[in-house]
Undergrad: 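Structure incoming, see below.
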Amino acid sequence: MELRYKSTRGGQSDVSASQAILQGLALDGGLFVPERIPTLDVSLGELSAMSYQEIAYEVMKLFLTDFTAEELRHCIACAYDDKFDTEVIAPLVKAKGAYYLELFHGATIAFKDMALSILPHLMTTAAKKNGVKNEIVILTATSGDTGKAAMAGFADVPGTRIVVFYPKDGVSPIQEKQMVTQKGDNTLVVGIHGNFDDAQSGVKAIFGDAKLHETLSKAGFQFSSANSINIGRLVPQIVYYVYAYVKLLENGELSEGEKIHVVVPTGNFGNILAAYYAKQMGVPVEKLICASNENKVLYDFFRTGQYDRNRPFILTSSPSMDILISSNLERLLYLIAEGDAGKDAELMQALSSEGKYEITEEMKEKLSDFRGYYATEEETARTIDQVYRDTGYVMDTHTAVAACAYTKYKEETKDGTKTVIASTASPYKFTRSVMEAIDGEQYGSLGDFELIDELSKISGTKVPNAIEEIRTAPVRHRTVCKKEDMKAVVLGFLGVE
């Protein structure tokens, strides 16, 4: 039976998966959600004997029902190949009482590769299926990782162009170097004077500009998104939570049906929402622990039921989580409002106009699967140092936020349930913060690439290709603009007046 999609705000319904992927954002500004969350039709035991690619097919076929088996298998094969530096794609590493699901073995050493390796293939397949003649313009805002992963996926893909906006002073040096050295004649990287929320709001405003869409359509272009607002980004993320559970099953770490907790360092809420969808599909997940940094808007939401972005924006050592508007939370709100699009639209309007909203008591009761914790900058650094000294395992700043949250949860609850922690980026992506956490006095004076070599020594791991490639790579993108000039920059890149 074909699974159709609709907007969280009620303005669109009966949309196919391929149409939802192409469109990215619904016309009413809402996000596309499936009419129902399907359940796995293969047992966890059967899945445990499968490869990552085979598991991906079994999960994604249930959501992307208008793709043929041949089309979907082709997209998966093209995505999860030797661009990953490990055959298993997402290894599980046990350290200090938890299982770290390493999601950073792709081309840009961050978890965004897991979904953005397949999105270009899904999108170009969707374009053919729907007879799209226009060139697809991918427009995305990034807090550091999505941008590079999206460009790596879409670079020189025929029939596409990609424009990435990032906060000029809000990403790590390595993240920025990865983006501004990006090759591909169809790519543009733009730093903006502002933070991630400014970039994301600017992109959403461009998506919502009906007159601009008309102008671009006449010129042979149409917009889509590579952010996790695109359902084609969210569905592939569900896969690795299914994979993590069944591989623990295969390795004898779990008995079938035994429940696990999942801890996710969270910014835009897409990654933890994927874990929630996996639970709804039948994966035995007990608690979803939402880990925040000092921009703890989600922590406050899960504690109080009020979402309030009216607070200082803090630049932290975990910049991919420096977000005050968590877009994918809208999909969860839709579910806990039992599909009430009017309520969802009302809450989003309040967020837009007042910067805050509060959910009902009935909705709060449906959040019992979630727990929120946060880590300060000091706690994040201390966690990196302690785990390294106790086990030799080196983690990045985002993973450390999650590990700290897990420690707080255990101390508070004395709960010994086995736990998977989503390790969302390689420590090589945030080398200075990681090395200063381990021994700031020794490493503080070294340059970024000297620190990388030191990290390789102490961790006993090889420097990833993604880092080696940018050591001497020339800067190709130097555009910087104010947030109000984002539309003009896009038009200039497309040569549209």
Undergrad: Return yes if some donor-acceptor pair links the side-chain N/O of Ser459 with the main-chain N/O of Val394 below 3.5 Å, else return no.
TA: no
Undergrad: Quick one: which residue pairs count as a salt bridge (Lys or Arg N to Asp or Glu O under 4.0 Å) with a foot in residues 307-328, not counting sequence neighbours?
TA: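 Salt bridge (Lys or Arg N to Asp or Glu O under 4.0 Å) check on residues 307-328 returns Asp300-Arg311.
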Undergrad: So which pairs with a foot in residues 411-428 pass salt bridge (Lys or Arg N to Asp or Glu O under 4.0 Å), sequence neighbours left out?
TA: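 Found Glu258-Lys418, Arg371-Glu412.
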Undergrad: Does any donor atom in the side chain of Lys429 or Gln175 lie under 3.5 Å from an acceptor atom in the other side chain?
TA: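 No, because no side-chain N or O of Lys429 sits under 3.5 Å from a partner of the opposite role on Gln175.
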Undergrad: Identify, with sequence neighbours excluded, every residue that meets salt bridge (Lys or Arg N to Asp or Glu O under 4.0 Å) alongside Lys287.
TA: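 Here no residue qualifies.
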Undergrad: If we ignore angles and hydrogens, is there a donor and acceptor under 3.5 Å between the side chains of Ser327 and Gln200?
TA: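 Yes - a donor-acceptor pair under 3.5 Å links their side chains.
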Undergrad: Apply ring-ring contact (aromatic ring centres under 6.0 Å, His included) to Tyr393 and list each qualifying residue two or more places apart in sequence or on a separate chain.
TA: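 For Tyr393 the ring-ring contact (aromatic ring centres under 6.0 Å, His included) partners, ignoring immediate neighbours, are Tyr100.
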Undergrad: Taking salt bridge (Lys or Arg N to Asp or Glu O under 4.0 Å) as the cut-off, I'd like each qualifying pair that reaches into residues 34-57, sequence neighbours left out, listed once.
TA: Asp41-Lys61
Undergrad: Quick one: list whatever passes salt bridge (Lys or Arg N to Asp or Glu O under 4.0 Å) with Glu102, sequence neighbours left out.
TA: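 Once residues adjacent in sequence are excluded, Glu102 has no partner under the salt bridge (Lys or Arg N to Asp or Glu O under 4.0 Å) criterion.
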Undergrad: Can you pull out every ring pair (Phe, Tyr, Trp, His ring centres under 6.0 Å) where at least one residue sits in residues 420-441? Sequence neighbours excluded, please.
TA: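 Non-adjacent pairs meeting ring pair (Phe, Tyr, Trp, His ring centres under 6.0 Å): His398-Phe430.
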Undergrad: Can you pull the salt bridge (Lys or Arg N to Asp or Glu O under 4.0 Å) pairs that have at least one residue in residues 230-242, sequence neighbours excluded?
TA: none
Undergrad: Enumerate the ring pair (Phe, Tyr, Trp, His ring centres under 6.0 Å) contacts for residues 277-310, please, sequence neighbours excluded, ordered by first and then second residue.
TA: Tyr299-Tyr374, Phe302-Phe370, Tyr307-Tyr357
Undergrad: Does one side chain, of Asp439 or Tyr388, offer a donor that lies under 3.5 Å from an acceptor on the other?
TA: no
Undergrad: Can you list everything that forms a ring-ring contact (aromatic ring centres under 6.0 Å, His included) with His261? Sequence neighbours excluded, please.
TA: Tyr409
Undergrad: Who passes salt bridge (Lys or Arg N to Asp or Glu O under 4.0 Å) against Asp82, sequence neighbours left out?
TA: none
Undergrad: Between Ala402 and Pro265, which heavy-atom pair has the shortest distance, and what is it?
TA: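 Smallest interatomic distance, heavy atoms only, reads CB-CD, 3.7 Å.
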Undergrad: Okay, side chain of Lys83, backbone of Ala79: is any donor-acceptor separation there less than 3.5 Å?
TA: yes
Undergrad: For Ala400, give me all partners under side chain to side chain contact (heavy atoms under 4.5 Å, CB included), at least two apart in sequence or on another chain.
TA: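 With neighbours one apart ignored, the set is Thr380, Thr383, Ile384, Met395.
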